[in-house]
Amino acid sequence: MKIICFGDSNTYGYENLNFMGGRYDADARWVDLLSEKTGWTIINEGVNGREIPRRSVCFPTDTDLLIIMLGTNDLLQGNNASKVVNRMDNFINNLPIEKEKILLIAPPPMKQGFWVPTEELIRESYKLASGYELLAQQSGLFYTNAGDWNIDLVFDGIHFSKEGHRSFAKELFDYLIHILPFEQTVTSQKSSI
């Protein structure tokens, strides 16, 4: 099983516990926790500050599942949820990968914090989930809303805490074992998340 996680700083594992920033160790990042739990090949394609690309991106042809979680940075750049959903729609429609191999995740909504100074940003981050859900239904994608997972965020109102990464990995694991074909489910349950 080969999974690519295409996202922003919360996929990368950005640690914003101080003003210098950094990266959580592998034992605290959701992508690595999921890989350890499952034994799957899971590639972290998270990049700090990434917005939804305006052009197509090539992924390996042997990708079994492409997980996309983006949109937060687009909102931070002044776009409303509707515009972000349209941008995601354009991006997904230009990907050279079958729609049934794509999982779209709505990121957890923002909360008031150092990087989230307005209620409007929080409202738009909540709207993103319903827009992504409709997009997934119309496009034949897998979809889940991380806003339902009670992910702990740090002081900036955007980034996952260590506990948030653990919760995200556990909830995503629980979701994946229900959508993946039986022969592609967990090959190893070495540890709990």
Side-chain angles (χ1 to χ4, degrees), residues 3-37 42-53 66-85 87-88 103-133 135-136 142-176 191-193:
I3 297 176
I4 297 191
C5 301
F6 189 73
D8 55 25
S9 52
N10 277 324
T11 299
Y12 171 80
Y14 180 75
E15 178 186 23
N16 198 9
L17 297 180
N18 61 57
F19 290 100
M20 297 300 290
R23 189 179 195 193
Y24 288 117
D25 293 332
D27 64 357
R29 297 188 299 252
W30 71 261
V31 174
D32 297 283
L33 291 168
L34 189 63
S35 180
E36 182 181 348
K37 169 75 173 171
I42 304 180
I43 299 167
N44 189 329
E45 288 289 337
V47 173
N48 292 336
R50 175 180 276 148
E51 296 176 45
I52 298 165
L66 172 63
I67 298 175
I68 300 172
M69 184 171 69
L70 288 168
T72 300
N73 290 308
D74 302 81
L75 292 173
L76 289 171
Q77 293 302 315
N79 298 291
N80 63 27
S82 178
K83 187 169 183 180
V84 175
V85 171
R87 189 175 285 173
M88 181 63 78
L103 166 59
L104 178 60
I105 301 179
M110 300 176 200
K111 68 177 186 181
Q112 194 79 38
F114 188 74
W115 290 11
V116 185
T118 69
E119 286 296 320
E120 182 181 355
L121 270 172
I122 297 169
R123 281 193 302 272
E124 291 300 314
S125 71
Y126 274 95
K127 290 179 187 176
L128 201 54
S130 58
Y132 277 2
E133 182 174 21
L135 171 60
F142 290 112
Y143 168 79
T144 191
N145 178 10
D148 294 335
W149 297 348
N150 195 29
I151 303 301
D152 186 54
L153 304 177
V154 297
F155 70 93
D156 62 21
I158 294 170
H159 293 104
F160 299 177
S161 67
K162 282 187 177 182
E163 184 54 43
H165 276 272
R166 280 191 292 277
S167 298
F168 189 93
K170 180 188 180 308
E171 295 287 349
L172 182 55
F173 171 79
D174 290 345
Y175 176 81
L176 290 175
S191 62
S192 60
I193 297 176

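Note that this is a predicted model, so its numbers are computed, not measured. The residues of the chain are indexed from 1 along the displayed sequence.
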Go through it in stages, so that I can follow the logic: the residues are Leu104 and Phe142, the test is side chain to side chain contact (heavy atoms under 4.5 Å, CB included), and I'd like the CA-CA distance, side-chain angles, deciding distance and then a yes or no.
CA-CA 6 Å; Leu104 178 60; Phe142 290 112; over 6 Å; no
Yes or no on side chain to side chain contact (heavy atoms under 4.5 Å, CB included) for Met88 and Leu135, after CA distance, side-chain angles and deciding distance?
CA-CA 9 Å; Met88 181 63 78; Leu135 171 60; 3.7 Å; yes
Any chance you could lay out the side chain to side chain contact (heavy atoms under 4.5 Å, CB included) test for Ile105 and Ile67, step after step, and finish with the verdict?
CA-CA 7 Å; Ile105 301 179; Ile67 298 175; 3.5 Å; yes
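Using cut-offs of 30° and 60° for the angle between ring planes, the Phe160 and Phe168 rings count as tilted.
The closest donor-acceptor contact from the side chain of Asn44 to the backbone of Gly46 lies under 3.5 Å. Using a distance-only test at 3.5 Å, with no hydrogens or angles considered, no donor-acceptor pair links the side chain of Lys111 to the main chain of Ile158. Without hydrogens or angle criteria, Ser35 side chain to Val31 main chain gives no donor-acceptor distance under 3.5 Å. Between the side chain of Ser125 and the backbone N or O of Met110 there is at least one donor-acceptor pair closer than 3.5 Å. Side chain of Glu171 to backbone of Tyr175: no donor-acceptor contact under 3.5 angstrom is found.
Identified under the salt bridge (charged side-chain N to carboxylate O under 4.0 Å, His left out) test for residues 147-156, with sequence neighbours left out: none.
Leu128 pairs in a side chain to side chain contact (heavy atoms under 4.5 Å, CB included) with only one of the listed residues (Asn145, Asn80, Val85), which is Val85. Screening Trp30, Trp115, Tyr24 for a ring-ring contact (aromatic ring centres under 6.0 Å, His included) with His159, the sole residue that qualifies is Trp115.
Atom SG of residue Cys5 and atom CD1 of residue Ile42 lie 6.0 Å apart, to the nearest 0.5 angstrom. Annotation: the span from Leu33 atom CG to Ser167 atom OG amounts to 10.5 Å, rounded to 0.5 Å. Distance check, rounded to the nearest 0.5 Å: OG1 of Thr11 to CG of Leu70 gives 7.0 Å. Here the CG-CG distance, from Asn48 to Asn10, works out to 9.5 Å after rounding to the nearest 0.5 Å. Atom-to-atom distance recorded for Leu172:CG and Thr144:OG1 is 7.5 Å, nearest 0.5 angstrom. The distance from atom CG of Leu103 to atom CD1 of Ile68, rounded to the nearest 0.5 Å, is 8.5 Å.
Residues Pro109 and Gly147 approach most closely at CD-CA, 3.5 Å, considering heavy atoms. Contact record, Gly13 with His165: CA-CE1, 3.9 Å, taken as the closest heavy-atom pair. In this structure, Tyr143 and Ala136 approach most closely via the heavy-atom pair CB-CB, 3.4 Å. Nearest heavy atoms, Ala106 versus Tyr132: CA-CD2, 3.8 Å. A pairwise comparison of heavy atoms in Val116 and Gln112 identifies O-NE2, 3.2 Å as the closest pair. Shortest non-hydrogen contact noted between Gly49 and Asn73 is C-ND2, 3.3 Å.
Remark: Arg87 pairs with Glu51, Asp74 by the salt bridge (charged side-chain N to carboxylate O under 4.0 Å, His left out) rule, at least two apart or across chains. Applying the salt bridge (charged side-chain N to carboxylate O under 4.0 Å, His left out) criterion to Glu133, with sequence neighbours excluded, gives no partner residue. Taking the salt bridge (charged side-chain N to carboxylate O under 4.0 Å, His left out) definition, one finds that Lys170 meets it with Asp174, sequence neighbours left out. For Asp32, the salt bridge (charged side-chain N to carboxylate O under 4.0 Å, His left out) partners at least two apart in sequence or on another chain are Arg29.
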Could you list the donor-acceptor pairs under 3.5 angstrom formed by side chains in residues 117-124, with sequence neighbours left out?
from: Thr118; atom 1: OG1; to: Leu121; atom 2: N; distance (Å): 3.3
from: Glu124; atom 1: OE1; to: Ala81; atom 2: N; distance (Å): 2.7
from: Glu124; atom 1: OE2; to: Lys127; atom 2: NZ; distance (Å): 3.0

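Residue-environment remark: NZ (Lys162) stays at or below the threshold of 12 foreign heavy atoms within 6.0 Å.
Taking the ring centre of Tyr12 as origin, the terminal cationic atom of Arg23 falls inside the region bounded by 6.0 Å and 45° from the ring axis.
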